[in-house]
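Scroll down for the structure; my scribbles are underneath it.
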Amino acid sequence: MLELAIGIILGGCALGAGCAMIAGIGPGIGEGNAVAKACEAIGRQPECKGSVTTTMLMGCAVAETTGLYALVIAILLIFVAPKLLVGVLMGALGL
Amino acid sequence: MSRKTAKDRLVDLGLILMMVLPFVLAMMLKILTKPYEQGISVSGAQVYFTIPMPIQDLPITESQVVSLCVIVSILGLCLFMTRNLKVVPQTKRQIIVEFIVEKATSFVNGNMGKRFAAFGPFVAAIMALSAFSSLSSLLGLYPPTSDINIVAGWAILVFILITYYKLQGGVLNYIKGFAEPFALFAPFNVISEFATPVSMAFRHYGNVLSGVVISTLIAAGLQGLSRLVLGWLPGVLGNIPFLQIGLPAVLSLYFDLFSGLLQAFIFAMLTMLYISTGAPEEEA
């Protein structure tokens, strides 16, 4: 029975990490849009290349934040949560 | 050009040692204390020892040690570069330093306006600290920026600064600012106020940590692959992961160099933006 419980914990953590990383879609689309528009802008006004690139990198990094939140949660679920949850389970069972 | 005296050379040598030694010591400490483990694993910063405290024990981790090394090293670099300054630059050092300071000043002036010109050293310090911390992973050390505690410390510092500059417009105005556009929005405004440091810390830490995790996973995968493919080689040759040569270096170019420097730039940029937008408009 204990093996089953631990298996459910590990499986749930892995599934949760996978689901969390679905959030990677959003920043991908957003950054793609930003870079596409920056390319257009540079094509129209090549002399503005420096400032356009700086602003684009800045915007990309800000757009990346939501993806990084998901990444942090996924990393916590994979590397931290299993040990913690198994510890809690063991504590509840008095082992 | 004046001749260098022996004392000058000695001080120069001492300062160069001050730049290099912390990293050498940190690497030696890491090599000596790293527990032996089969294969490669992803783990947090190693805890060297804990100091007993009344409420909770204070662990001294690898990231704290490395970040102190970075601070000492940057101090050494600054002292080394700014020795024997002359009104008319005579050494290459002074020309480089003047170039960097000029760039930093114009960067801050361009983004924050003239009245925040005093922020130049602060922003440059944050940028240098963050960049050097991320780059320390090139030496095989644990980059302090991939530890949330270090980055959260910087973010809290920036948050205090933002709040200080918002309070410059009067406490009443500060409280009134939460009820924009109308009073019902107050909870959301409070949340977004606290989201600022959280998002700054998570952005920086997540970027560097993702680089560390992905490089480690790829290194581990290549090790397994080379054991599978080249395991038939006789003797010690079979145990050397030859496939690990090459690809991790290319990845580290992106994750350590580009991503680390970009995050340093963005952290400094956001610091400037938040502070300059938080401060009240100047009556001209």
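Atoms considered below: every heavy atom in the structure, side chains included; atoms not considered: hydrogens, waters and symmetry mates.
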What heavy-atom pair brings [X] and [Y] nearest, and what distance separates the two atoms?
| X | Y | result |
| --- | --- | --- |
| L68(A) | F202(B) | CB-O, 4.5 Å |
| Q263(B) | A61(A) | NE2-CB, 4.4 Å |
| S210(B) | L71(A) | CB-CD2, 3.2 Å |

What residues of residues 32-57 of chain A sit under 4.5 Å from chain B when only non-hydrogen atoms are counted?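 Heavy-atom contacts from residues 32-57 of chain A to chain B are T54(A), L57(A).
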CE on M58(A) to CG on L262(B), rounded to 0.5 Å: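 The distance works out to 9.5 Å.
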Can you name the residues that form a salt bridge (charged side-chain N to carboxylate O under 4.0 Å, His left out) with E193(B), not counting sequence neighbours?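 For E193(B), the residues satisfying salt bridge (charged side-chain N to carboxylate O under 4.0 Å, His left out) (neighbours in sequence not counted) are K166(B).
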Can you list the residues of residues 265-275 of chain B that sit under 4.5 Å from chain A, counting heavy atoms only?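 So the qualifying residues are F265(B), I266(B), M269(B), L270(B), L273(B).
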Mind checking ring-ring contact (aromatic ring centres under 6.0 Å, His included) for Y254(B) and listing every partner two or more places apart, or none if nothing turns up?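 Expected list: F258(B).
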